[in-house]
Amino acid sequence: MPIPSTATQLLRTRISKVCVAIIGSTASEMIDKAAAVVKETPFLEFRLDYLEKPLAALPKFKQFFADNTAATGIATCRRSANGGKFSGTVAAEMEILCKVAAAGFHIADLELESAEALKKDELQKLRDTGVALIISHHDFTATKDLDKIYERIVPFQPDFIKIVPTAKSLTDNVTLMRFMERMHENANIIGICMGDAGIISRVLGLRVGSTFTFAAATQGEETGPGQIAARTLIETYRVDQVDAATKVYGVAGNPIRSSLSPVMMNTAFRRETVNAVYLALQTAKVSDLLKLVQEIPIQGLSVTMPHKQEIMAHLENTDPLSAKIGACNTVLRAQDGKLYGFNTDVAGIVGPLEKRMSLRGAKALVLGAGGAARAAVFGLRDKGADVFILNRTAETAQKLARQSGSKTIKKEALAKTPFDVIINATPIGMAGQKSTQLLEAKDLNTKLVFDLVYNPLETPLIRLARQQGIAFITGVEMFVQQGARQFEIWTGKPAPEEEMLRVVIHALRQQAEAATAEAASPSKATAAKGKKAS
C-alpha cells in the first residue's frame with residue numbers, strides 16, 4: 001500500500017477540497033484565468049497539454065507561483081492516447097514533468113499508461129525533483145473493475161492515486177463510492193465519475209474519502225465530461241459543507257442537463273439552513289434510479305420527464321391527486337424507508353391561473369398527454385373547467401380525455417375555436433429540444449397562453465403570444481410554485497419562494513446572455529470544445 005511521506009502529509013495541509021482545472025491555448029491566457037480564481041480557490045491544475053510548447057511556457061508559471069505563494073499547483077501534460085491533448089511521446093511528457101518542480105509546481109500528474117511504459121529509474125528521476133506524484137487512470141467508456149486499476153497503480157507508490165471512470169448509470173457512482181470508502185484509509189485517493197450521470201460522485205465523493213475533487217474555472221471550460229464550474233460546486237452545491245449528516249435530494253429525468261431545479265432547491269436549502277444537497281440525476285431507467293435511492297440513500301425526489309408515470313408502480317402510497325392523475329412528480333422517503341408520492345404540478349399550474357381568472361366554466365386547451373399534461377387536465381377539470389386536449393398521438397389524447405371527462409380536438413379546428421387559456425404541457429420549446437412548434441399564430445384563438453416550459457425564459461410560444469398581444473404566463477411561475485410545494489413536503493418548512501424565483505430568473509437571464517454572446521463569437525466556443533479528462 002502507498003505510505004504517504006512527510007512531504008505529502010505537509011502538502012495535504014496546503015490543498016483544499018476543490019482543485020480548479022485551468023486551460024488555455026497560451027501560458028498568458030492560462031495565467032490570466034488562474035489569477036481570476038486563485039484568491040478564492042488557490043488549488044489549481046494547469047493543463048500543460050493544451051499548450052503548443054509546454055516547456056517554453058514554464059518560466060511564466062514560475063513567475064505566477066512566485067507572485068502567488070499561497071497557490072498549490074498540479075502540472076498535467078496528458079497524452080492524446082490517454083484522453084489528453086499532448087501529441088508527444090512518453091519521453092517528451094517526462095521531460096516536461098521533470099522540470100515542473102523547478103517552475104514552482106507542487107504535484108505532477110502522470111497517467112498510469114505512461115508510468116507503465118517507463119523504466120523504474122526514469123520514474124525515480126521525476127521523484128528526485130521533489131514534486132509529489134499523482135498516478136491517474138481515466139476510462140472514457142464505463143465503470144469497470146476499480147480494484148484491478150488500483151492494484152496496477154499501487155506498485156508505483158504514488159503520493160496520490162486518481163481513478164476516474166465514466167458513469168453510464170446512476171449506480172456506477174455507487175460502485176465508485178463504495179470503492180472509495182474501502183480504500184481511502186490506505187491511500188490519498190481521488191475518485192470521480194465522468195459523464196452527465198456522474199455528478200453524484202463530484203458532489204458526494206469528498207464525504208466518502210476522495211482527497212479532493214476537480215472543477216472547471218468557468219462554465220464552458222470543462223476538462224472532462226460532466227465537470228462542474230468551481231463557483232457552482234462551492235456556492236450552489238456547498239461541496240465544502242457536505243458531510244455524513246447531509247441529506248441528499250435530487251431531480252430525476254432524461255435529459256436533465258438544463259434543469260434549474262438544483263440551483264433553485266440548493267438556494268432554498270441554504271436560505272432556510274437545511275443541511276441538504278440537491279443533485280441532477282440523469283437516468284433513462286427508473287430501476288437505476290430506485291437502486292440509487294436505496295443505496296445513497298436519497299431522501300426525496302423531483303421526478304420529471306419521462307418518469308412521472310412509471311415511478312407510480314414503485315411507491316408505497318400516493319396522495320389522492322397523484323393516484324387520480326396517474327403521475328407523480330414528488331417522492332418522499334419516509335422514516336420507515338418507504339417511498340411516498342405526491343403531485344405538486346397541479347398546484348403549480350392551477351395556482352398561477354386562479355390568480356388571473358376563474359376556472360369554473362373556463363374553456364381550456366391543453367397541448368400534450370404526458371405527466372405534466374395529465375396534471376393540467378385533471379387540475380383544470382377538478383376546478384370545473386371545460387378541457388380540450390391536442391396531442392400528436394391521438395390515441396393517447398383520447399385515453400386521457402376518457403379518464404378525465406375532457407374532449408379531444410384536431411389542430412384544424414383550433415383557429416375557429418375560442419379558448420380562455422391554452423396550456424403547453426409538452427417539452428416543445430425547451431432548451432435543447434429540436435421539435436417543431438405545434439401551434440401557429442392563427443391557432444392562438446385565446447385570451448391567455450401558459451407555457452409550462454420554463455427554460456428558456458421566452459419560449460417560441462411565449463414570443464408568439466407576445467407578438468399577437470395575448471396575455472401569457474411563463475413556465476417559471478409554475479416551476480417555482482411546484483418546487484416550493486416540494487420543499488415544504490420534504491422539510492416541513494415554508495419555502496422561500498421569492499428567493500427561489502429570483503435565482504431561477506437570474507440563471508435564465510445569464511444563460512440567455514451567454515447564448516447570445518456565443519452566437520456572436522463562435523470562435524470562443526471552439527477553444528473549449530476539447531472536452532478531455534479530469
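When reading the values below, keep in mind they use all heavy atoms of this one structure, side chains included, and skip hydrogens, waters and symmetry mates. From a predicted model like this one, the values you see are computed outputs, not experimental measurements.
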- Task: Please test Leu290 against Leu339 for side-chain contact (heavy atoms from CB on, under 4.5 Å), starting from the C-alpha separation and ending with a verdict.
- Result: CA-CA 10 Å; Leu290 292 167; Leu339 304 178; 3.9 Å; yes
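- Under the 4.5 Å side-chain criterion, counting only non-hydrogen atoms from C-beta, Val248 is not in contact with Ile200.
- Taking a 6.0 Å sphere around CZ of Arg271, one finds it holds 12 or fewer heavy atoms contributed by other residues, nucleotides or ligands.
- Tyr237 is linked by a ring pair (Phe, Tyr, Trp, His ring centres under 6.0 Å) to nothing, counting only residues two or more places apart in sequence or in another chain.
- At a cut-off of 3.5 Å, with distance as the only test, a side-chain donor of Thr246 or Asp243 sits close to an acceptor on the other residue.
- Between Ser201 and Leu176, the closest heavy-atom pair is CB-CD2, 3.8 Å.
- Considering only residues two or more places apart in sequence or on other chains, Asp32 meets the side chain to side chain contact (heavy atoms under 4.5 Å, CB included) condition with none of them.
- Counting heavy atoms from C-beta on, the side chains of His184 and Val208 never come closer than 4.5 Å.
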- Go through Glu122 and Lys125 one step at a time and tell me if the salt bridge (charged side-chain N to carboxylate O under 4.0 Å, His left out) criterion holds. CA-CA 5 Å; Glu122 289 175 307; Lys125 271 184 207 162; 5.8 Å; no
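- Legend: side-chain hydrogen bond (donor to acceptor under 3.5 Å, both in side chains) pairs involving residues 207-220, not counting sequence neighbours, sorted by first then second residue: Thr218-Glu221.
- Contacts of Arg257 classified as salt bridge (charged side-chain N to carboxylate O under 4.0 Å, His left out), with partners at least two apart in sequence or in another chain: Asp196.
- Looking at residues two or more places apart in sequence or on another chain, you find a salt bridge (charged side-chain N to carboxylate O under 4.0 Å, His left out) between Asp109 and Arg78, Lys162.
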- Task: Take His137 and Glu113 through the test side-chain contact (heavy atoms from CB on, under 4.5 Å) and record every step on the way to the result.
- Result: CA-CA 8 Å; His137 181 271; Glu113 294 82 354; 3.5 Å; yes
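- Residues Ile161 and Ala187 come closest through the heavy atom pair CD1-CB, 4.1 Å.
- Partners of Glu40 under the side chain to side chain contact (heavy atoms under 4.5 Å, CB included) rule, at least two apart in sequence or in another chain, are Arg231.
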- Message: Could you walk me through whether Phe156 and Leu112 satisfy the side-chain contact (heavy atoms from CB on, under 4.5 Å) test, starting with their C-alpha distance in whole Å, then the side-chain angles of each, then the deciding distance to 0.1 Å, before giving a yes or no?
- Response: CA-CA 9 Å; Phe156 296 104; Leu112 174 59; 3.8 Å; yes
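- Here Asp121 pairs with Lys119 under the side chain to side chain contact (heavy atoms under 4.5 Å, CB included) rule; sequence neighbours left out.
- Take Tyr249 and apply the ring pair (Phe, Tyr, Trp, His ring centres under 6.0 Å) test, not counting sequence neighbours, and it matches Phe269, Trp490.
- With a 6.0 Å radius and a threshold of 12 heavy atoms from other residues, nucleotides or ligands, Arg509 has its CZ atom at or below the threshold.
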Using distance only, find each side-chain donor-acceptor pair of residues 87-97 under 3.5 Å and give its atom names and separation, not counting sequence neighbours.
unit_1, atom_1, unit_2, atom_2, d
Thr89, OG1, Ala91, N, 3.4
Thr89, OG1, Ala92, N, 3.0
Glu93, OE1, Ser114, OG, 2.7

- Determine, stepwise, if the pair Ile107 / Asp159 fulfils side-chain contact (heavy atoms from CB on, under 4.5 Å). CA-CA 9 Å; Ile107 306 169; Asp159 302 282; over 6 Å; no
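- When every heavy atom of Pro158 is checked against every heavy atom of Leu133, the shortest pair comes out as CB-O, 3.6 Å.
- Heavy atoms only, all atoms of each residue included: Ala70 and Pro42 are closest at O-CB, 3.7 Å.
- With a 4.5 Å cut-off on side-chain heavy atoms, Met500 and Met265 count as touching.
- Not counting sequence neighbours, the partners of Asp139 by the salt bridge (charged side-chain N to carboxylate O under 4.0 Å, His left out) test are Lys144.
- The distance from atom CG of Leu461 to atom OG1 of Thr474, rounded to the nearest 0.5 Å, is 11.5 Å.
- Side chain of Glu235 to main chain of Thr232: no donor-acceptor pair is present (N/O by atom type, distance under 3.5 Å, no hydrogens or angles).
- When atom types are taken as modelled, the side chain of Arg202 and the backbone of Gly226 share a donor-acceptor pair closer than 3.5 angstrom.
- Side chain of His138 to backbone of Gly84: no donor-acceptor contact under 3.5 angstrom is found.
- Between Asp172 and Pro165, every side-chain heavy-atom pair lies at or beyond the 4.5 Å cut-off.
- Counting heavy-atom neighbours within 6.0 Å of Glu52 CD, excluding the residue itself, gives a total of 12 or less.
- Between Val131 and Leu126, some side-chain heavy-atom pair lies under the 4.5 Å cut-off.
- Rounding to the nearest 0.5 angstrom, the gap separating the CZ atom in Phe487 from the OG1 atom in Thr330 is 13.5 Å.
- The shortest heavy-atom contact between Val18 and Ala215 is CG1-CB, 3.7 Å.
- Checked options Glu111, Glu45, Arg47; the residue passing with Thr76 is Glu45 (criterion: side chain to side chain donor-acceptor pair (under 3.5 Å)).
- There is no side-chain donor-acceptor pair under 3.5 Å between Thr143 and Lys168.
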Donor-acceptor list for residues 292-306 side chains, cut-off 3.5 Å, not counting sequence neighbours:
unit_1, atom_1, unit_2, atom_2, d
Gln294, OE1, Arg333, NH1, 3.4
Glu295, OE1, Arg178, NH2, 3.0
Ser302, OG, Tyr278, OH, 2.6
Ser302, OG, Gln486, OE1, 2.9

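- Side-chain atoms of Ser259 never come within 3.5 Å of backbone atoms of Ile256 as a donor-acceptor pair (strictly under, hydrogens ignored).
- Within the 4.5 Å cutoff, side-chain heavy atoms of Val331 are placed close to those of Leu315.
- Interatomic distance, NZ of Lys85 versus CG of Leu48, reported as 14.0 Å (0.5 Å rounding).
- Put simply, CD on Glu458 and CG on Leu508 are 12.0 Å apart, with the number rounded to the nearest 0.5 Å.
- Residues satisfying the side chain to side chain contact (heavy atoms under 4.5 Å, CB included) test with Thr72, not counting sequence neighbours, are Leu11, Arg14, Ile15, Phe43, His106.
- Distance alone, capped at 3.5 Å, is enough to place a donor-acceptor pair between the Lys17 side chain and the Asp240 backbone.
- Residues Val242 and Leu206 are not in side-chain contact: their nearest non-hydrogen atoms beyond the backbone lie 4.5 Å or more apart.
- For Ser169 and Thr171, the side-chain atoms include at least one donor-acceptor pair closer than 3.5 Å.
- To the nearest 0.5 Å, atoms OG1 (Thr26) and NZ (Lys60) are separated by 7.0 Å.
- Between Ala71 and Phe64, the shortest heavy-atom distance links the atoms CB-CE2, 4.2 Å.
- Going from atom CD of Glu513 over to atom CD of Glu518 covers 14.0 Å, rounded to the nearest 0.5 Å.
- In this structure the side chain of Phe179 reaches within 4.5 angstrom of the side chain of Ile189, judged on heavy atoms.
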